[in-house]
> 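I am attaching a structure below and will ask some questions about it afterwards.
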Amino acid sequence: MATRLSRIQEALRRHGFDALAVVPGSNLRYLAGLTLHAGLRLTVALTPVEGQPTLVVPGLEHPRVAETAGATFRYYPWNDDEGPGHALARAVRDTALRQGSVVGIEHTVMRVFELRALEQALPGAQFVDATPLLAELRMVKDAAELEAMRVAVQVIEETLRQIVAQVRAGMRERDIADLWERAIRAAGCQPAFETTVASGPNSANPHHTSGERALQDGDMVVFDGGAVYQGYASDITRTFAVGHPSNEMRRVYELVLAANAAGREAAAQSGATGESIDTAARQVIERGGYGPFFIHRTGHGIGLDVHEPPFIVAGSRAPLPIGATFTIEPGIYLRGVGGVRIEDDVVITADGAESLTTFPRELQHLS
Ligand code: CO
Ligand code: CO
């Protein structure tokens, strides 16, 4: 954690920040290994550009937090009858923050009451979005982070294999999703998000919630699931056929498969960007005549959050650094008919890119 703190402070210096304010969530986990619930009691970590970070923390959480984060922080516990104001004021003072200080905050994570508390404790400070700074740091995974992701991938692929072997026509989407989530937990992980099993016409909805529909002959069935191991997520999608899907759905499958391969190939080129990968995958689908039916970006970064930078999308023009992990998940969705998506988790390496997910991509039939 010490090296991580020094990387963060080095980034603060480079970006001209005096401090970084982080509330419970994945950035606090990244900073100090702390998993804290974003409750209504003020919890905020202030990391100055130099020196020891401070943590304002509810008194009832203090012992557990101090046990995990140890000497990373100086602690400022507060209890319910006094409120957090005094603890925050002392933390701010001891972090040497003053009027005019530039304080990085998490624009997409911090809540209004947390920002108001900081504004009150730091009148005249400038609160600046630190999302790009945190993205730049978190995008590059170190060896331990990659190792955790490999385990998360292994678990999601093994459990998918187990579940697919049990699935039969006539089973309901929801029951299959439940079986998969139970298998993920049995393997010592948590589901990374609500596991999706989308069959037949439902597979044409990329955000379908698994429901009552039973699998039937001719269906395409989209399985989308992820596992979390030591905080790090995996995210895989495979599409299967039940019995005999239409010729059109078979053709759609082949196109998505080719788009996925083109995306992975583009990722392995030196200087690959989110845009170059998105373009490579999208062109395959456009040339096949289904461009308007590929209705989302090609992928998203993955790590402590299931969706995080970098985004694999037009306009994402920064070269992806070695250690960046993200999904490649082209899809084609024909409303009322069916859909296909094939999703892999990929890491940029010194000599190209590696797909962490290796589950077979060719069309498989469920019995
Ligand atoms: Co997914
Ligand atoms: Co995904």
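Atoms within a ligand are numbered from 1 in the order they appear, just like the ligands themselves. Worth knowing before you read on, the calculation uses all heavy atoms, side chains too, and leaves out hydrogens, waters and symmetry mates.
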> Side chain to side chain donor-acceptor pair (under 3.5 Å) with Asp351: which residues, sequence neighbours excluded?
Thr349
> If every non-hydrogen atom of Thr209 is compared with every non-hydrogen atom of Glu173, which pair is closest and at what distance?
O-OE1, 4.3 Å
> Let me check something: do Val57 and Val22 share a hydrophobic cluster, defined by ILVMFWY side-chain heavy atoms less than 4.5 Å apart, either directly or through other members?
yes
> From the Co ion (ligand 2) out to just under 2.8 Å, does an N/O/S atom of His307 turn up?
no
> Mind checking salt bridge (Lys or Arg N to Asp or Glu O under 4.0 Å) for Arg74 and listing every partner two or more places apart, or none if nothing turns up?
none
> Could you please tell me which protein N, O or S atoms lie under 2.8 Å from the Co ion (ligand 1)?
Asp224 OD1, Asp224 OD2, Asp235 OD1, Glu343 OE1
> Using the test side chain to side chain donor-acceptor pair (under 3.5 Å), find all partners of Gln230 that sit at least two apart in sequence or belong to another chain.
none
> If you take the centroid of each ring, where Trp contributes its six-membered ring, are His86 and Tyr76 closer together than 6.0 Å?
no
